[in-house]
Amino acid sequence: MTTSGGPDLPSEGERFGALLKAVRELVRCDAVALLRLEDGMLRAVAVDGLSDEALGRRFAVAAHPRFARLLESPAGVRFPPDCDLPDPYDGLVSGQPEILPVHDCMGAPLRLRGDTWGLLTLDALEPSAFDAVGPARMEALVRLVESGIEAAHAARDMARRTAQEQVLAEAWQSGRAAVRELVGTSAAMQQLRREIDTVGASDLTVLLLGETGVGKDLVAQRLHACSRRRSQPLVQVNCAALPETLADSELFGHRRGAFTGAIQDRTGKFELADGGTLFLDEVGELPLGVQAKLLRVLQGGELQRPGSDRTLRVDVRVIAATNRDLPAAIAQGRFRADLYHRLSVYPLVVPPLRARGRDVLALAGGFLEENQHRLGARNLRLSPAARTALLAHSWPGNVRELEHTISRAALRAYREHAPRARWVAIEPRHLLLEEAPLQPSPVDVPASAAASEAPATTLREATEAFQREWLAACVARHGGNLSRAAAQAGMDRSNFHRLLRKLGIAAQPPA
């Protein structure tokens, strides 16, 4: 976001990055990191020399004894090369052709105004890299970094003038809004954050648009945290999961005796969200009759429970989300045009994962850290080949698909690893990005034809060649019926059709 100080002022992240570059100029090392301590978790706010995967991780201090020792030390610690404590940075040093251990590491706690702010860590692949860094030099580094953090915080506070930024800061400081972070530094995610901060503090109705699995629920949470309603409830409704006969009652409540089975009064979701925010997920699935009542609430803030003559007034900010093409649904008579215009006061598109570049690795790092604690693994690491495979994949299922892929791969790799290994390496074979039902049978692709085909020059080309051959056979097998072909591929029909166009596969109509 552009602050009141002007667009040319460096952001806090840029200031931290420049600070770490200065540290690396003073001390020869392969990686340096600035970690912020928040509720028993260490979060990398800036790294230099570590892979993108490190930026998505949240290190629980209780699960990482080296970090715990550093935080407890008065002036820092240099760990001996033969230290048997697991190193959280093993395999995370960037630019390496394989997973390599860190042989020399040191760090120190950072304190601001008497409170522990976080950690400064330095790591090297050579065992003797820090022989020349004595206590006095380490203390000077710590003072330099602490002064830089103080300056960055002061600049941030001076620049934080807009109402949106003030509201968001208060929400985080109060602890009343449990908001999961939107991970990523890609241009698409930076634009999304700017849009959220622009509309968040208002009461405008927001329509979130995007494919399945992109994280529209996280955007809704952040919008609520940005609003003046942040201390009030955020109530979520999955419209696709509502049976048509109960959707009316679920949203607006009912009086006892309103219909068979209504044995007591029921409070609807709109009343529960009064004063706060109502998130209508998959709003395109609502029945037409319920759409008419929803329109009335949006227009006048009034609702009427089934079975009651009494009109209730509610003050609710509505955020809706859909992966459907609502204008097409309007043309087909399945969605009301007037409701669409009421919901899309501020449309906001959540980008698909394939448009977010290297954010894939940061997200994967966060999911690996979660699985590491769940499995009791020492260090879950992506091999360079696995990182390449993740970047090459098109991710039709977006962030949700990535999360499930990482969880499965972590379990497979963990079952193979040696009990005392320093890390658990995740290789492309663990990811199984082309696993069934997307694998062709020997009948679909003859072995002789596959063997005679010239190998692709890159993993991306090999992946696309495989997808193109299998998808063309799948469409032909179903006589050009894209719905059936998409079902066999385990994909949404619109995503399936988009992938066909991307790969240059002609979609022939069924005979």
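All figures in this text were calculated on a predicted structure; none of them were measured in a lab.
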Counting N and O atoms only, with roles assigned by atom type, does the side chain of Asp123 sit under 3.5 Å from a partner on the main chain of Met106, one being a donor and the other an acceptor? no

In terms of side-chain geometry, is the basic nitrogen of Arg57 or Glu53 positioned less than 4.0 Å from the acidic oxygen of its partner? yes

From the options Leu110, Val23, Val47, select the one residue that forms a side-chain contact (heavy atoms from CB on, under 4.5 Å) with Leu34. Leu110

Under a 4.0 Å threshold between the charged nitrogen and the carboxylate oxygen, would Glu416 count as salt-bridged to Arg412? no

Greater than 12 external heavy atoms within 6.0 Å of Arg69's CZ: no

With side chain to side chain donor-acceptor pair (under 3.5 Å) as the rule and sequence neighbours excluded, what pairs involving residues 273-284 come up? His224-Thr277

Kindly assign one of parallel, tilted or perpendicular to the pair Tyr414 and His417, based on the angle between their ring planes and the thresholds 30° and 60°. parallel

If the threshold is 4.0 Å, N to carboxylate O, is there a salt bridge linking Arg229 and Asp203? yes

Over 12 foreign heavy atoms within 6.0 Å of CG, Asp39: no

Side-chain heavy-atom pair Glu285, Arg324 within 4.5 angstrom cut-off: yes

Is it true that a side-chain atom of Ser383 and a backbone atom of Ile426 form a donor plus acceptor pair closer than 3.5 Å? yes

Using 0.5 Å steps for rounding, measure from the CZ atom of Arg317 to the CG atom of Leu234. 10.5 Å

Over 12 foreign heavy atoms within 6.0 Å of CD, Glu126: no

From CA spacing to verdict: side chain to side chain donor-acceptor pair (under 3.5 Å), Asn323, Glu211: CA-CA 5 Å; Asn323 61 359; Glu211 299 173 11; over 6 Å; no

Does atom CZ (Arg28) have a neighbourhood of more than 12 heavy atoms from anything else shown, all under 6.0 Å? no

Using the six-membered ring of Phe79, assess whether NZ or CZ of Arg66 lies under 6.0 Å from its centre and within 45 degrees of the ring axis. yes

Do Asp104 side-chain atoms and Ala124 backbone N/O form a donor-acceptor pair below 3.5 Å? no

